[in-house]
Amino acid sequence: MGSASNGSDASTKPLKFLIYGRTGWIGGLLGRLCESQGIEYVYGSGRLENRSQLASDIVSSAPTHVFNAAGVTGRPNVDWCESHKVETIRANVVGTLTLADVCRERGLVLVNYATGCIFEYDESHPLGSGVGFKEEDSPNFTGSFYSKTKAMVEELLKNYENVCTLRVRMPISSDLTNPRNFITKIARYDKVVNIPNSMTILDELLPISIEMAKRNLTGIWNFTNPGVVSHNEILEMYRDYIDPSFSWKNFTLDEQAKVIVAPRSNNELDTVKIKNEFPELLPIKESLIRYVFEPNKKTSKA
């Protein structure tokens, strides 16, 4: 396997990606990106927790890199995981570890779409301070079972030198019809909390993840746009660009707690590492305008 930066493997052999998560949002977008970039790809058919199925996927497709966009986030939201704990462990822990292990045996880099919802603002990282959690920080949020399993698996994956862990947060895309899209979700809620958070604009960051694979980058990466944006700021943009008649109501975390089963993570992630590797990465509000709101613009005001 080439070292982290020289990408020697990638240059000698045409790229071929094996992607898990065909029916998922990120998995589907990845396939379309490969098509637009002329990268050969195939979707894995094996269950992540079934080692022999994964091995046969790899033998039959002979990939240069493996991407994991599978796993359980819960439908309609992470509260599902609270009442389906074994299913959540099977997909998010057993499955992810099995895939990492099978890839390591075969000298393959695994790009794993993980989560940054494993932190919450604390005394050393106060809300509004601009001090974000770094890649090497240990998770401090285990309020939901989903986040708890994700924190466990991240800790274990640190030991796999072939894994690139991408901490995605509150993913957003230009497809405002997608129910998984953070903007679409909060636009449909009766009430929203108003807290600044780090978020991931998929239209900008997913192509970067392909570039990371080409460079054979590994380790943990905060996979969000620099800076934070609040729920209200996003909904104001939505109103200004998409629907001038749109309105919303806020409620407090205490009020929110009464209608959700598990607490939600709110945090800012430090993006120095990814910005050093990809200096062109836009700050979150600029990225929102360029990739999401401008392409969907329906008003003349904006």
Side-chain angles (χ1 to χ4, degrees), residues 17 19-37 39 41 43 65-78 110-118 146 150 164-188 197-215 217 220-231 233-235 237-238 241-242 265 267-269 271 273-275 277-278 280-297:
F17 295 166
I19 302 171
Y20 287 92
R22 176 202 296 266
T23 58
W25 181 25
I26 288 178
L29 289 172
L30 260 183
R32 293 211 282 281
L33 269 176
C34 288
E35 274 166 27
S36 69
Q37 293 189 22
I39 296 170
Y41 73 100
Y43 283 111
H65 300 79
V66 181
F67 288 75
N68 179 30
V72 168
T73 52
R75 298 290 168 93
N77 56 46
V78 295
L110 170 65
V111 177
N112 184 49
Y113 296 96
T115 184
C117 292
I118 50 178
Y146 167 80
K150 291 295 204 171
C164 181
T165 292
L166 303 179
R167 289 174 175 164
V168 175
R169 286 208 78 235
M170 299 178 164
I172 290 169
S173 86
S174 53
D175 177 8
L176 294 178
T177 61
N178 192 308
R180 314 291 291 162
N181 191 337
F182 181 74
I183 298 178
T184 314
K185 279 185 184 177
I186 63 171
R188 291 175 180 176
N197 270 286
S198 284
M199 302 188 191
T200 303
I201 307 298
L202 294 175
D203 302 66
E204 181 171 21
L205 278 153
L206 278 188
I208 283 178
S209 65
I210 289 179
E211 187 54 40
M212 293 173 89
K214 291 178 184 173
R215 297 179 192 182
L217 298 173
I220 295 172
W221 296 78
N222 287 337
F223 200 60
T224 57
N225 291 83
V228 291
V229 64
S230 69
H231 295 60
E233 286 172 319
I234 288 179
L235 293 175
M237 288 182 193
Y238 185 86
Y241 282 84
I242 312 291
S265 150
N267 68 56
E268 176 170 357
L269 296 182
T271 51
K273 182 176 175 182
I274 194 162
K275 269 292 278 187
E277 188 73 30
F278 298 95
E280 68 277 12
L281 183 61
L282 292 178
I284 182 65
K285 290 171 196 168
E286 286 180 35
S287 191
L288 271 166
I289 290 168
R290 179 185 296 183
Y291 290 98
V292 181
F293 288 114
E294 278 292 342
N296 283 295
K297 186 161 84 170

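All values derive from a computational prediction rather than experimental measurement.
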One pair to check against side-chain contact (heavy atoms from CB on, under 4.5 Å): I274 and L281. What are the steps and the verdict? CA-CA 8 Å; I274 194 162; L281 183 61; 3.7 Å; yes

Please test E35 against R32 for salt bridge (charged side-chain N to carboxylate O under 4.0 Å, His left out), starting from the C-alpha separation and ending with a verdict. CA-CA 5 Å; E35 274 166 27; R32 293 211 282 281; over 6 Å; no

Would you sort out whether M237 and V292 count as a side-chain contact (heavy atoms from CB on, under 4.5 Å), showing the intermediate values? CA-CA 10 Å; M237 288 182 193; V292 181; over 6 Å; no

Check against side-chain contact (heavy atoms from CB on, under 4.5 Å), I284 and V228: CA-CA 6 Å; I284 182 65; V228 291; 5.5 Å; no

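Atom CG of L205 sits about 12.0 Å away from atom CD1 of I210, to the nearest 0.5 Å.
Other residues, nucleotides and ligands contribute only 12 or fewer heavy atoms inside 6.0 Å of the CZ atom of R290.
The distance between the ring centers of H65 and Y41 does not fall below 6.0 angstrom.
In this structure, the side-chain contact (heavy atoms from CB on, under 4.5 Å) partners of D175, at least two apart in sequence or on a different chain, are S173, T177, N178. Checked against ring-ring contact (aromatic ring centres under 6.0 Å, His included), F293 has the following partners two or more places apart in sequence or in another chain: Y241.
When all heavy atoms of F223 and L206 are compared, the pair lying nearest together is CZ-N, 4.4 Å.
For the residue pair Y113 / S209, a side-chain donor-acceptor distance below 3.5 Å is found, with atom types taken as modelled. Residues N222 and T271 have side chains that never bring a donor and an acceptor to within less than 3.5 angstrom of each other. Counting only N and O atoms by type, the side chains of S287 and E204 include a donor and acceptor under 3.5 Å apart.
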